[in-house]
Amino acid sequence: MIKNIYKYDVIVAGGGQAALAAAISAKEQGVSVALVTKGKAGFGGSSVISDSVHSAIFSPGDSPDQFLKDIVEGGRHLSDKKLARILAEECTVRVNELESKFGIPLESERVIITPGHSYPRRIYAGTGIGKNITKPMRDYAIEIGIHFHEQSAVVDLLKDHDEVKGVLIQTGKELQIMYSPAVILATGGFGGLYQSSDNPRDVSGEGIGMAWRHGAVLVDMEFVQFYPYRLQQPANIDVMTKIFGKGAFLINDQNERFMEKFPKKELETRDTLSYAMFKENKVLLDFSHVEENVLKLDSPYLYRLLQKGHIGDWVMSPVQHYCMGGIQTDEWGRTNVPGLYACGEITGGLHGANRLGGGSLTESLVFGYRTGKMAAQDNSMEKPLDIGIEDSLNHTSNFDETGTIKKVKEVMWHQVGIERTSRSLEEAADELNRISIDLENEDSIQALQLRDKVRTAWASAFAASSRKESRGAHKLQDIKEEKKEWEGKNRIYKTSIQFTPAASKAEMP
């Protein structure tokens, strides 16, 4: 039963930094804005558990042109150069606003160069904790009058012919309709669909699948970043990159520093380091040469474990970390579906085959601002729509949701993970497609949301199965070389995939 009907100028789905940035930007244009999130705004998504690291230009000799070059080279020449240039040119002003606008004390790392960058560019909250950025943004959003609909999930988009005109949301067991001429999706990537991930549970990919179901083009879905600096034993925590420039290193079970042969050693880009670690039988962290005061400051979680007196191995293993692929947008967050916008990790195209460290949160600020501003200019709502919802969806179903999710996670980790083969990817795409088709026979809200998640996983496997080379985060065991003819984009529209060479401007609808 539909409990309430609302109308706003802009609706933002998501609760992390990208969603807050977009909502704030839209509200500052003088329109009414609602933010819908599964949890509590400012306390959900990947940004809240991040290390708060952003990229900005502050080093002598650095420039937007150099940053652009680093982004393109780090993305193995697949980054959308228009989007990358905007990030490089606008990052500094947006990052500095964290302090000047939201009152967040910032610190800069002026010595250590993050892998893939040519200069020090790291700026972060003084505590190095993501929520210390998202909470002040939440407070600011409340202060300027953004309406929060928390503990609420977007079930579906509402459309009038081909235009998005709002969303259907579920709060508890109640359904509610929100009308709006502009809907911004900022619900994150699909890390939660992997068996081993450092993403929170609410980052589960259904936003991408929902947009795809309504005709949105997906791009770069084959590129999934795995984070190498993850401690597995004695506890599951991130190890801060900075300590690898101050004496820490990795060894294998033969006591060999296996990254010694690489130019930047443990500070190689994430795809290179993750793949090298994956090939080892066991990877151990040695931080005995890091001074205690440095460890306490630069990797506080690791320092706390050390203080507890752990005796034994410190075992490291890569985990799924970030999705370079997602919904295709232009430089203002517009998708190919009228009325539908997207920003943050839910989008694809900017980072190409691999993302540089500090790029995700910076992207959230830069493109959250631009997307919110553009969405606020869309005021095409003429009248409330009469859309039949209640008869098409049931609240409950008898299908095995837990078992289905478990299967999807196993397929993604073992067949669409760090080391792939053409065959494993084709088999994964086929299996995920079958699961999705089976779910079409279910008419519950849970089944619809699960089908959107499965379709997101399918799109990743499908795109990866068509790329017959290894590039960036996409490593094929059977085709290990990078091929010039594959320098271009894979785009998915409905069940079709199209490869566009980098020199071509052709795009799918």
Side-chain angles (χ1 to χ4, degrees), residues 51 53 55 59 66-67 69-79 109 111-122 198 223-232 238-290 294-295 298-299 302 313-322 324 351-359 417-420 469-484 487:
D51 303 321
V53 176
S55 295
S59 297
Q66 184 58 56
F67 192 8
K69 182 179 178 182
D70 291 346
I71 294 170
V72 172
E73 290 183 357
R76 303 308 306 152
H77 304 281
L78 293 193
S79 297
E109 172 56 69
V111 178
I112 302 299
I113 299 175
T114 303
H117 292 264
S118 297
Y119 293 86
R121 295 190 181 113
R122 294 167 63 97
D198 61 4
F223 298 114
V224 177
Q225 187 176 80
F226 296 85
Y227 188 71
Y229 306 107
R230 186 74 174 183
L231 190 71
Q232 299 286 355
D238 283 343
V239 175
M240 301 301 97
T241 313
K242 290 186 287 185
I243 69 170
F244 291 96
K246 300 179 181 181
F249 55 88
L250 301 175
I251 59 175
N252 59 21
D253 56 356
Q254 302 299 313
N255 204 35
E256 300 168 333
R257 187 179 180 183
F258 57 92
M259 292 303 294
E260 186 78 47
K261 58 188 175 183
F262 291 86
K264 296 182 179 180
K265 301 179 175 58
E266 287 81 7
L267 290 175
E268 285 288 341
T269 54
R270 292 170 176 179
D271 57 327
T272 300
L273 181 55
S274 290
Y275 190 57
M277 292 172 67
F278 184 78
K279 292 189 292 184
E280 297 293 337
N281 183 50
K282 192 174 186 180
V283 176
L284 305 175
L285 171 66
D286 187 329
F287 57 97
S288 59
H289 300 285
V290 181
V294 172
L295 186 68
D298 289 349
S299 197
L302 184 61
D313 291 340
W314 300 81
V315 182
M316 301 279 287
S317 180
V319 293
Q320 188 284 335
H321 179 65
Y322 185 85
M324 275 72 75
H351 302 292
N354 192 50
R355 177 180 67 79
L356 297 183
I418 296 175
E419 190 171 62
R420 310 131 173 245
E469 65 157 359
S470 289
R471 184 183 294 266
H474 174 69
K475 302 287 188 184
L476 287 178
Q477 191 172 358
D478 52 318
I479 310 175
K480 296 185 177 181
E481 66 273 15
E482 186 176 294
K483 297 182 179 181
K484 182 67 176 178
E487 192 172 295

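Here the side chains of Thr114 and His117 are in contact, with some heavy-atom distance below 4.5 Å. For the pair Phe262/Thr272, a side-chain contact is recorded, criterion being any heavy-atom separation below 4.5 Å from C-beta on. At least one side-chain heavy atom of Phe223 sits less than 4.5 Å from a side-chain heavy atom of Leu78. Met259 has its side chain within reach of Leu273: a pair of non-hydrogen atoms, C-beta onward, lies under 4.5 Å apart. Between Phe258 and Met277 the shortest side-chain heavy-atom distance falls below 4.5 Å. Counting heavy atoms from C-beta on, the side chains of Leu250 and Asp286 never come closer than 4.5 Å. Side-chain contact between Lys265 and Phe249 is absent, with no heavy-atom pair separated by less than 4.5 Å. Residues Leu231 and Leu302 have side chains in contact (heavy-atom distance under 4.5 Å, counting atoms from C-beta outward).
Taking all atoms of both residues into account, the shortest heavy-atom contact from Gly357 to Ser55 is O-OG, 3.6 Å. The two residues Met316 and Val239 come nearest to each other via the heavy atoms SD-CG2, 3.9 Å. The two residues Val224 and Ala473 come nearest to each other via the heavy atoms O-CB, 3.1 Å. The two residues Ser470 and Leu476 have their closest heavy-atom pair at OG-N, 2.7 Å. Here the shortest heavy-atom pairing between Asp253 and Asn281 reads OD2-ND2, 2.7 Å. Across all their heavy atoms, Ala248 and Leu285 have their closest contact at CB-CD1, 4.4 Å.
Remark: Phe287 CZ to Phe244 CZ distance equals 10.0 Å, nearest 0.5 Å. The NZ atom of Lys279 sits 10.0 Å away from atom CD of Gln477, with the distance rounded to the nearest 0.5 Å. With rounding to the nearest 0.5 angstrom, the OG1 atom of Thr241 is 10.0 Å from the CD1 atom of Ile112. In this structure, the separation between OG on Ser299 and CD1 on Ile243 is 5.0 Å, given to the nearest 0.5 Å. Taken to the nearest 0.5 Å, the CD1 atom of Ile418 stands 14.0 Å off from the NE2 atom of His474. One finds the OG atom of Ser59 at 12.5 Å from the CZ atom of Arg122 (value rounded to the nearest 0.5 Å).
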Please step through side-chain contact (heavy atoms from CB on, under 4.5 Å) for the pair Gln320 and Arg230, ending with a clear verdict. CA-CA 10 Å; Gln320 188 284 335; Arg230 186 74 174 183; over 6 Å; no
Could you please spell out the steps behind the side-chain hydrogen bond (donor to acceptor under 3.5 Å, both in side chains) verdict for Asp271 and Gln225? CA-CA 7 Å; Asp271 57 327; Gln225 187 176 80; over 6 Å; no
Output, in order, the C-alpha distance, side-chain angles, deciding distance and verdict of side-chain contact (heavy atoms from CB on, under 4.5 Å) for Val283 and Val315. CA-CA 6 Å; Val283 176; Val315 182; over 6 Å; no
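A salt bridge links Asp298 with Lys242: the distance from a Lys NZ or Arg NE/NH1/NH2 to an Asp or Glu carboxylate oxygen falls below 4.0 Å. Ion pairing between a basic and an acidic side chain is recognised when a charged N comes within 4.0 Å of a carboxylate O; Glu469 and Lys480 show no such pairing. Salt bridge absent: Glu419 and Lys475 never bring a charged side-chain N and a carboxylate O closer than 4.0 Å. Electrostatic pairing of Asp478 and Arg420 does not count as a salt bridge here, judged by no charged N lying under 4.0 Å from a carboxylate O.
Side-chain atoms of Asn252 come within 3.5 Å of backbone N or O of Gln254 as a donor-acceptor pair. The main-chain N or O of Phe226 is found under 3.5 Å from a side-chain atom of Ser274 such that the two form a donor-acceptor pair. Distance alone, capped at 3.5 Å, is enough to place a donor-acceptor pair between the Arg471 side chain and the Arg76 backbone.
For Tyr227, the ring-ring contact (aromatic ring centres under 6.0 Å, His included) partners two or more places apart in sequence, or in a different chain, are Tyr229, His321.
Lys483 NZ: more than 12 foreign heavy atoms inside a 6.0 Å radius.
Between Tyr322 and His351, the distance separating the two ring centers is shorter than 6.0 angstrom.
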